[in-house]
Amino acid sequence: LTHPDATHARYETLLEVAESIAAHRQLSTLFADLSRCLNRLVSFDFISLTLLDPKERVLRLHILHTDQPVVGNTPGAIPFDQTPTGLALETRQPYYVADIAREQRYPIIRELLQANGIQSFCVFPLFTAHRDIGGLHFGSLHKDAYTPEDIDFMQQVARQVAVAVDNALNFESSRAYEEQLARERDRLRALLEINNAVVSCLASKQLFQAISSSLRRTFGLDYASLLIYDEEIRALRLQMLDFPDGSGAIREDAVVSLDDSLAGYVFHSRQGRLFNLEEAGAISKTTGNLMGREGLQSLCSMPLISHANVLGTLNLGSRQRNYFTADDLQFFLQAAGQVAIALENALSYKRIEELNSRLAEEKVYLEDEIRTDNRFEEIIGQGPALKAILKQVETVAPTDSTVLIYGETGTGKELLAR
């Protein structure tokens with residue numbers, strides 16, 4: 001190419017780069033396209049992107065695009081001041097090494113590049129008016145691969161790439177923030193549904209069904225159960241179960257030992273925890289076997305504590321491995337606190353109902369006794385025969401039936417008739 005033709009080609013390539021940036025939101029596809037169009041003008045064997053973590057002051061390899069096999073493991077986080085990218089960002093100038101054998105400043109980078117046969121490389125700082133982003137890197141298997149004109153051209157490309165990377169990172173951040181907001185919204189909705197169930201459901205079964213339905217919908221659960229401590233048998237009893245796809249190995253009303261079960265472990269420790277299948281089996285072989293038979297890979301168990309008393313445990317499970325996160329556990333602990341209050345209310349309501357029923361029976365009995373004692377004040381006697389007669393009188397007196405009273409003179413026929 002003549003010089004005017006080369007300039008024209010580079011401007012065309014810059015325009016193509018701009019169009020590619022506008023067309024791609026994903027950095028991986030953008031760099032694949034960049035590699036294709038830039039290789040027509042500048043010879044390189046790899047192109048890569050490193051991103052700066054401003055909090056930790058480290059650089060991490062984000063994208064590496066090459067047709068060559070990569071030798072060795074790519075390093076993780078590298079301290080900012082131990083990379084040529086750090087110097088390029090500080091000076092706002094490209095950092096070019098024409099012969100890597102003479103590079104002494106950055107041994108970590110030098111050893112990695114030499115292992116892959118790279119003889120020369122150039123680093124371009126990526127930054128915008130708002131922040132430092134990282135570096136754009138080109139490498140070649142040949143020494144002194146780039147002319148000043150090449151470096152000037154790639155620097156113009158780097159300015160456009162910086163804006164594209166900034167936009168892509170902002171887009172990813174905003175999308176991640178939207179997903180986080182959506183998760184928080186779903187969790188708050190679930191917590192509101194649980195609170196509504198707490199204040200509206202007095203029966204334990206109805207309460208558990210409302211709670212498990214909300215948690216299943218929000219978290220995609222496969223399993224939920226409620227175990228209540230039974231003081232009479234000093235064990236946990238599986239009162240409620242929501243496991244529609246279960247094989248039947250876990251069933252309602254099963255008695256669960258406090259000493260050989262995962263629920264018993266959580267009950268004693270008073271701490272909610274996440275378990276995988278192996279961890280569950282290490283604590284309780286019985287629970288581990290049950291989980292294995294039912295295909296459960298992840299379990300979250302929370303104690304139900306109200307007024308310093310442990311009422312039982314709430315247990316949630318999934319057939320996916322490592323399904324629950326630490327954030328999930330914190331939410332479940334909140335939910336378990338509400339469930340404990342509701343459960344205590346439900347148990348108190350049940351006891352009140354039982355007491356009311358007993359009181360009603362005693363009231364009927366006492367009223368019968370009072371009626372027997374007070375309506376026959378003129379009749380003296382407490383014998384069983386007399387009480388049986390008085391009971392018959394009490395039964396027939398409110399009716400309009402004709403009654404024949406018979407007996408010897410002086411036995412009280414007239415008194416009974418009144």
Side-chain angles (χ1 to χ4, degrees), residues 10 13-54 58-68 70 74-75 77-78 80-98 100 103 105-106 108-110 112-113 116 118-141 145-172:
R10 286 179 173 173
T13 302
L14 284 175
L15 180 60
E16 190 174 350
V17 168
E19 291 174 347
S20 177
I21 286 171
H24 294 285
R25 280 188 173 180
Q26 298 292 330
L27 290 178
S28 56
T29 56
L30 170 63
F31 269 69
D33 210 21
L34 278 178
S35 179
R36 177 188 58 78
C37 63
L38 292 179
N39 242 325
R40 295 199 301 262
L41 296 178
V42 181
S43 176
F44 56 86
D45 294 292
F46 82 85
I47 179 174
S48 65
L49 168 69
T50 55
L51 296 179
L52 171 66
D53 185 334
V58 296
L59 285 155
R60 293 186 174 88
L61 179 65
H62 189 67
I63 291 174
L64 172 62
H65 194 276
T66 179
D67 294 330
Q68 304 295 324
V70 178
T74 56
I78 304 178
F80 180 80
D81 56 1
Q82 295 181 25
T83 66
T85 305
L87 180 62
L89 282 170
E90 287 178 348
T91 61
R92 295 296 197 251
Q93 295 296 321
Y95 182 84
Y96 177 47
V97 176
I100 198 169
E103 171 62 53
R105 300 181 65 175
Y106 305 105
I108 297 176
I109 302 301
R110 183 187 69 243
L112 178 64
L113 295 178
N116 285 274
I118 300 299
Q119 298 294 319
S120 59
F121 71 95
C122 192
V123 179
F124 297 90
L126 299 179
F127 57 91
T128 65
H130 306 291
R131 60 172 172 171
D132 289 348
I133 297 170
L136 178 64
H137 316 83
F138 295 89
S140 174
L141 298 175
Y146 306 115
T147 66
E149 290 78 14
D150 292 334
I151 293 173
D152 180 66
F153 167 68
M154 289 190 291
Q155 191 170 11
Q156 295 180 61
V157 172
R159 294 191 186 104
Q160 295 190 60
V161 170
V163 176
V165 172
D166 192 39
N167 289 339
L169 294 177
N170 288 334
F171 175 73
E172 290 176 3

Trainee: Would you check if the side chain of His65 reaches a backbone N or O of Ile47 as a donor-acceptor pair within less than 3.5 Å?
Mentor: no
Trainee: Working to the nearest 0.5 angstrom, can you tell me the gap between Met154 CE and Tyr146 OH?
Mentor: 5.5 Å
Trainee: Out of curiosity, Thr50 OG1 to Leu89 CG, how far, rounded to the nearest 0.5 Å?
Mentor: 7.5 Å
Trainee: Which atom names give the shortest non-hydrogen contact between Glu90 and Phe80, and what distance separates them?
Mentor: OE2-CE2, 3.5 Å
Trainee: With rounding to the nearest 0.5 angstrom, report the OG to CG distance, Ser48 to Leu136.
Mentor: 7.5 Å
Trainee: Nearest heavy-atom pair of Leu52 and Pro54: which atoms, and what distance?
Mentor: O-CD, 3.3 Å
Trainee: What are the two closest heavy atoms between Leu49 and Leu61, and how far apart are they?
Mentor: O-CD1, 3.6 Å
Trainee: Classify the ring geometry of Tyr95 against Phe121: parallel below 30°, tilted from 30° to 60°, perpendicular beyond 60°.
Mentor: tilted
Trainee: Say you draw a straight line from OG1 of Thr128 to CD1 of Ile133; how long is it, rounded to the nearest 0.5 Å?
Mentor: 5.0 Å
Trainee: Where the side chain of Asn170 meets the backbone of Asp166, is there a donor-acceptor pair that is under 3.5 Å apart?
Mentor: yes
Trainee: Any side-chain heavy atom of Phe153 within less than 4.5 Å of one from Val42?
Mentor: yes
Trainee: Val123 versus His137: any side-chain heavy-atom pair under 4.5 Å?
Mentor: yes
Trainee: Side-chain contact, heavy-atom cut-off 4.5 Å: Leu169 with Arg131?
Mentor: yes
Trainee: Of all the heavy-atom pairs spanning Ser43 and Ser140, show the shortest one and how long it is.
Mentor: O-CB, 4.5 Å
Trainee: Cut-off 3.5 Å, side chains only: do Thr66 and Gln68 have a donor facing an acceptor?
Mentor: no
Trainee: At what distance, to the nearest 0.5 angstrom, does CG of Leu141 lie from CG of Leu113?
Mentor: 10.5 Å
Trainee: Could you give the distance from CD (Gln119) to CD1 (Ile100), rounded to the nearest 0.5 Å?
Mentor: 7.5 Å
Trainee: Identify the two heavy atoms, one from Leu59 and one from Gly134, that lie closest to each other, and give their separation to 0.1 Å.
Mentor: CD2-CA, 4.3 Å
Trainee: Taking the side chain as C-beta and beyond, is there a heavy-atom pair between Ile78 and Thr85 under 4.5 Å?
Mentor: no
Trainee: Heavy atoms only: give me the nearest Gln155-Arg92 pair and the separation to one decimal.
Mentor: NE2-O, 4.3 Å
Trainee: Can you check whether Thr147's main-chain N or O pairs, donor with acceptor, with Asp150's side chain at less than 3.5 Å?
Mentor: yes
Trainee: Do Tyr106 and Leu87 come close enough that some side-chain heavy atom pair is under 4.5 Å?
Mentor: yes
